[in-house]
Each structure stands twice: as C-alpha cells, then as structure tokens.
Number of protein chains: 2
Amino acid sequence: MDTENKLCNKVEECYHIMGKKWMGLIVHTLMEEPKRFSEIHAFIPDLSKRVLNERMKELEDNGIVLRNVIADRPVRTEYSLTKKGTELGRSLKALEAWADKWL
Amino acid sequence: MDTENKLCNKVEECYHIMGKKWMGLIVHTLMEEPKRFSEIHAFIPDLSKRVLNERMKELEDNGIVLRNVIADRPVRTEYSLTKKGTELGRSLKALEAWADKWL
DNA sequence: TTACTAGGTAACTTTATGTAACCATAATAA
DNA sequence: TTATTATGGTTACATAAAGTTACCTAGTAA
C-alpha cells in the first residue's frame with residue numbers, strides 16, 4: 001500500500017482543461033492584453049472559428065476569461081483574462097521557458 | 001505593425017505536445033519515479049492502453065521519456081523521464097500549484 | 001447592387017480517442 | 001492436462017472531437 005497511489009482531483013482537472021487542443025495557446029495569446037475574437041483568430045490562424053468559440057465558452061465557464069460584448073455594429077466581443085486566468089498564464093510561463101530551452 | 005504579432009514556434013510546439021489528451025498526467029505520474037506500462041495505466045485508469053502506448057511513443061520520440069525493455073518473462077517495460085522530461089515535469093508544477101489554488 | 005466587416009452558428013467530413021478482443025510467452029492453478 | 005494470470009502491446013471497429021464550408025445579422029463602403 002503506497003501513500004501516493006492516487007492522483008489529486010485538482011491535478012486531474014487542470015490537465016483535463018489544459019489538455020484540450022488550443023487551450024494553452026489561447027491563454028498565452030491573451031496574456032499581453034485583452035483581444036477580440038478575430039484578433040485571437042489572427043494570432044492562431046489554424047484554429048477554426050467553431051472551435052475557438054467553443055474554447056472561449058469553456059474558458060468563460062471556468063472563470064478564466066471574461067467576455068465583454070460591445071454593442072457596436074458590427075458587434076464586437078472582447079475577451080480578457082480574469083485574475084484566475086492571469087495567474088494561469090503566469091504559471092504557463094514556466095512551461096514556455098522549458099520550451100525555449102529544450103525545443 | 002505590431003512587434004509582437006506572431007507566436008514563437010517553440011511556444012506553439014510545446015502547446016502542440018502538451019495539448020494532447022493525457023500528456024500532462026502521464027508526465028506528472030512519471031515525476032516521482034520510473035514506472036512500468038501497467039503502473040502508469042493503474043494511475044490513470046480512464047486512459048486506454050491503445051492511447052497510452054501512442055503517447056509513450058510520442059514522449060520517447062520527443063526525448064522526454066526513455067523506454068527500457070526488461071527481457072524478463074513476461075517482458076516488462078520501464079519508462080523514465082530524461083533530463084528534458086524531468087525539467088518539463090518541474091515546469092508543470094507551476095500549473096499544478098495554480099490548480100491547487102484555483103480549482 | 002455587390003462586397004466587406006465581426007462574431008458567430010449549422011451541417012457535414014475527417015481525425016483522435018475509446019472499447020473490446022486478441023497475441024506470445026512463461027508461470028501458476030485446477 | 002487444461003485453464004488462468006500477467007505483461008505490454010496490436011487490431012478492428014465505434015464514438016467523440018476538431019476541421020471545413022456555407023450561411024446569418026446589420027451597417028458601411030464601393
């Protein structure tokens with residue numbers, strides 16, 4: 001009987017969220033400044049609008065991103081990181097530093 | 001013209017690797033000590049053998065994991081993190097700390 | 001009139017992942 | 001003898017996730 005034979009729920013959950021395609025890049029992209037839908041899409045052109053929209057909803061549901069709809073015409077939507085999201089982005093910098101060294 | 005209008009290849013690549021399902025949990029699981037195929041599977045039961053095997057090959061191809069086949073019967077396979085993999089695991093601890101605080 | 005913009009949505013195709021069965025070999029159990 | 005178990009896979013098939021294309025709304029520009 002090992003004392004460390006089960007994964008922590010929180011660890012599992014964070015990898016479940018961040019293990020989805022494009023999630024990391026989207027959060028990374030929002031780190032500098034809030035961006036609109038089309039701006040995120042311009043930064044990550046291989047990510048389709050359909051999935052980008054799905055990911056943004058997931059990030060909003062997780063309290064990582066805030067969606068601000070600007071009632072202009074055409075309607076604009078601005079996405080910004082919450083405090084939770086900003087801290088997530090900061091934690092991802094360690095991974096990016098690893099990438100810079102090893103990839 | 002913005003100076004920061006393109007994603008760095010290394011950043012893209014690391015999210016491409018780590019953005020695959022189960023990758024993070026597998027690396028996490030190997031952090032404590034090397035493990036055999038069936039041990040990893042026991043830690044992450046929802047991960048199928050088919051995909052676990054696929055992920056291990058990818059990790060080996062990326063130089064993150066070392067596969068050691070022990071010619072015993074039945075044949076055993078032990079997976080351990082390389083230096084590159086160990087440093088990856090360390091960088092993921094920041095993400096796990098975020099999870100512990102926010103999830 | 002036609003085209004363009006922004007931020008989507010709907011229908012459909014392709015890729016990734018999940019599931020169940022199977023393999024080889026040797027040791028062990030019935 | 002005839003199963004059964006263990007290990008680390010592989011194979012074929014089913015389902016879920018992601019990619020593609022066309023379309024929507026309303027206002028503006030050509």
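Computation of the quantities below employed the complete heavy-atom set of this structure, encompassing side-chain atoms and omitting hydrogens, waters and symmetry-equivalent molecules.
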Between CD1 of B/Ile70 and C1' of D/dG9 the distance, given in whole Å, is 15 Å
Contact string for nucleotides 5-14 of chain C, one letter per nucleotide 5' to 3', B = base within protein heavy-atom range under 4.0 Å, S = sugar-phosphate only, - = neither, reads BBBBS-B---
* Side chain of A/Arg55, backbone of A/Lys21: donor and acceptor closer than 3.5 Å? -> yes
**Asked** Counting N and O atoms only, with roles assigned by atom type, does the side chain of B/Trp98 sit under 3.5 Å from a partner on the main chain of B/Lys93, one being a donor and the other an acceptor?
**Response** no
Rounded to whole Å, CG of B/Asp72 lies from P of D/dT5 at a distance of 21 Å
B/His16 NE2 to D/dA18 P, in whole Å, measures 12 Å
When rounded to whole Å, the CD to P distance for the pair B/Glu54 and C/dT15 reads 14 Å
From NZ of B/Lys20 across to P of C/dT15 the rounded distance in Å is 13 Å
To the nearest angstrom, the NZ-P distance between B/Lys35 and D/dT7 comes to 15 Å
Here the distance between atom P of C/dT17 and atom NZ of A/Lys21, to the nearest Å, is 8 Å
query: How far apart are the C-alpha atoms of A/Leu92 and B/Tyr15, what are their side-chain angles, what is the distance that settles it, and do they pass the side-chain contact (heavy atoms from CB on, under 4.5 Å) test?
result: CA-CA 10 Å; A/Leu92 292 177; B/Tyr15 287 121; 3.4 Å; yes
Between B/Lys35 and B/Glu78 (salt bridge meaning N to carboxylate O under 4.0 Å), is one present in this structure? no
Whole-Å distance, B/Met56 CE to D/dG8 P, equals 11 Å
Residues passing the salt bridge (Lys or Arg N to Asp or Glu O under 4.0 Å) test with B/Arg50, sequence neighbours excluded, are B/Glu54
Has A/Lys10 got a side-chain atom pairing as donor or acceptor with B/Asp100's backbone, closer than 3.5 angstrom? yes
